[in-house]
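Values below: every heavy atom of this structure, side chains too, minus hydrogens, waters and symmetry copies. Order of the sequence lines fixes the chain letters, A, B, ..., with proteins taken first and strands second; residue numbering starts at 1 for each chain.
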Amino acid sequence: MLRLLDTATGVAVPPAERAGARVGLYVCGATVYGPPHIGHGRFALVYDVLRRYLARSGYDVRHVSNITDVDDKVIDRAAAEGRDWREVAEEAEEQWWAAMDAMGVLRPHEVPHATDYVEEMVSLVAELVRLGVAYETSDGVYLACDAVEGYGTLAHQSLDSLRSGARAVVGEEKRSPLDFAVWKKAKPGEPTWPSPFGPGRPGWHTECVVMSLSLLGEGFELHGGGLDLVFPHHENERAQAVALGRPFARHWVHNGLVVVGGEKMSKSLGNYTELKTLLDAYDPRAYRLLVLRSYYRSPLEVGPSTLGDAAAALQRVDELARRLEAVRPRQDTVPRGWDAPGGQSRPAAVFPAAQSLRGRFVEAMDDDLGTPRALAEVLGAVREANRLLDAGEATGALALGDVALELLGVLGIEPAGVEAPPATIVELAGRRESARRAGDYDAADRLRDELAAQGWKVDDLPDGPRLHR
RNA sequence: GGCGGCGUGGCCGAGUGGUUGAGGCAAGGGCCUGCAAAGCCCUGUACCCGGGUUCGAUUCCCGGCGCCGCCUCCA
């Protein structure tokens, strides 16, 4: 059974679930004011794998991830570029999904936009004021943190220590430096919505409360996001729900940040690489592999060296997939699958190593999403399957190799498709092979160079040449 | 100042109170091979420093050093 570390308690426990094994997963998504960077890529991959594995484990997952399409940053960028803020948000959201698609990240089941929930947010703010936990000032409405029981739970700090460490300047009207805006009164030129407190827009921490509760219900199971959101964002989300007396997330999951040269990558530090840049330069699967190779909560160093490593490792996986296809019996049309029906005669069923591989994989994953060990098991099996192939044991190789590939699929990594070379390439390769057989190696090597110039490599395998990209 | 985390071979990165340190990449040697590529096999003797607990610590405890994150927008 999958156990996940809960940020609030520091203990790894199985996710809570509702009737029908339903699990709601809310992940704080993108603020769309610019192209996503590598850090966003990691975060998306982590929750994509969590969602896939939850489903694989038998949960009925509902994955919700928001788009923050109105926010200071969106407004600032629009102002700086003299554009409409909606246009900025839409453009950035397109870039977001393009990158997600390139990485093979499954779309969340729901993608709520903040701007579609403003009315509900206004109601929430009004309710907070009515309850006396939020107060109005000249520039907005603030939540009084002292009024919230257990404020600091996620930060693991007391109200006092948080207060003493606060760097925020106490405004004239703000009662405590920790108090945060749930409603921002409009300044000239900003987008506004009507409210009992005058025109304005919701504070950032409010939207996730409204959208998660509205789409997943009270006491939903999992709430995730980057480690840098723990405080204050998630703390403040929780504070609002607590203040309202509404059961909120029951379990908090946070992913570690991407670091560059030991320092956190972030837009504000300016040391970021756009995700698209990485995805254009490397096989997108290499980034997924790199991310999964480390524990999801740890900082992760991303750079040309580590990406190159991952890309190289992937080639061995692709090679295995190609080799397996070459030895796969024609009539064997049983698809790869976790629980292929009627699989009595399937090789995997009679090949113990393949079965135990599944067990070790699940064991690793169940231990707080242990993708590093899970991956190690799978890659070890890839090597073993290749070895069996070398030894001519095709049946065993298929049994083990198919399971390895299937498990990689659980992690969202599919072997590269076998691309059929065009006729001109096949013809060139044929001429080269003839030259080789005739012992004319100079000609053969020239032809190989020609093939290379057209982007094709040729490997002389024991059973004949093979073309691939 | 408060809170949290990290320090493992050439690099990345798991993990563990004790005979044989996952996995990946790189490197060297080998099998195969016209060559190359691919694949496979072999090779590495690590755990920041100082104490303590223990029969035994890289793993637990204390202290130190170094690095990082959060306490402000941030995945």
Q | Gap in Å between the two P atoms, one belonging to B:C60 and one to B:C6, rounded | A | 9 Å
(Q) Within the 4.0 Å heavy-atom criterion, would you say A:G256 contacts the bases, only the backbone, or no part of the nucleic acid? (A) base
Q: Strictly below 4.0 Å, heavy-atom distances to any atom of RNA chain B: list the hits from residues 138-157 of chain A, or just say none.
A: A:A155, A:H156, A:Q157
**Q.** A:S298, nearest nucleotide to its side chain (from B:A14, B:C73, B:G23)
**A.** B:A14
(Q) Can you give me the closest heavy-atom contact between A:P304 and A:Y282, atom names plus distance? (A) CA-OH, 3.3 Å
Q) Can you find an N or O donor on one side and an acceptor on the other, under 3.5 Å apart, linking the side chain of A:R323 with the base of B:A38? A) no
Q | Lys/Arg N to Asp/Glu carboxylate O, A:R86 vs A:D69, below 4.0 Å | A | no
Q) What about A:D228: does its side chain form a donor-acceptor pair under 3.5 Å with the base of B:C73? A) no
Q: For B:C47 and B:A38, measure between their C1' atoms and round to the nearest Å.
A: 35 Å
**Q.** Separation of the P atoms in B:C31 and B:A36, to the nearest angstrom
**A.** 12 Å
Q: Select base, sugar-phosphate, or nothing to describe what A:R436 touches, counting heavy atoms under 4.0 Å on all strands.
A: base
Q | Any N/O donor-acceptor pair, A:R387 side-chain to B:C41 base, under 3.5 Å | A | no
Q: Looking only at side-chain atoms of A:D460, point me to the closest of B:A14, B:C35, B:C11.
A: B:C35
Q. Any side-chain N or O of A:R383 less than 4.0 Å from the OP1 or OP2 oxygen of B:G23?
A. no
Q: With heavy atoms under 4.0 Å as the rule, sort A:G225 into base, sugar-phosphate or nothing.
A: sugar-phosphate
Q: Could you check whether A:K264 gets within reach of a base, just the sugar-phosphate, or nothing at all, counting any heavy atom under 4.0 Å?
A: base
Q: Could you work out the separation of B:U53 and B:G10 based on their P atoms and round it to a whole Å?
A: 33 Å
Using a 3.5 Å cut-off and no angle test, enumerate the donor-acceptor pairs between side-chain atoms of residues 370-379 of chain A and protein atoms at least two apart in sequence or in another chain.
from   : atom 1 : to     : atom 2 : distance (Å)
A:T371 : OG1    : A:L292 : O      : 2.8
A:R373 : NH2    : A:D367 : OD2    : 2.9
A:E377 : OE1    : A:R360 : NE     : 2.7

Q) Would you call A:F43 stacked on B:A75, i.e. ring centres under 5.5 Å apart with the planes less than 30° off parallel? A) no
Q) Has the side chain of A:D445 got a donor or acceptor atom sitting under 3.5 Å from an opposite partner on the base of B:G34? A) yes
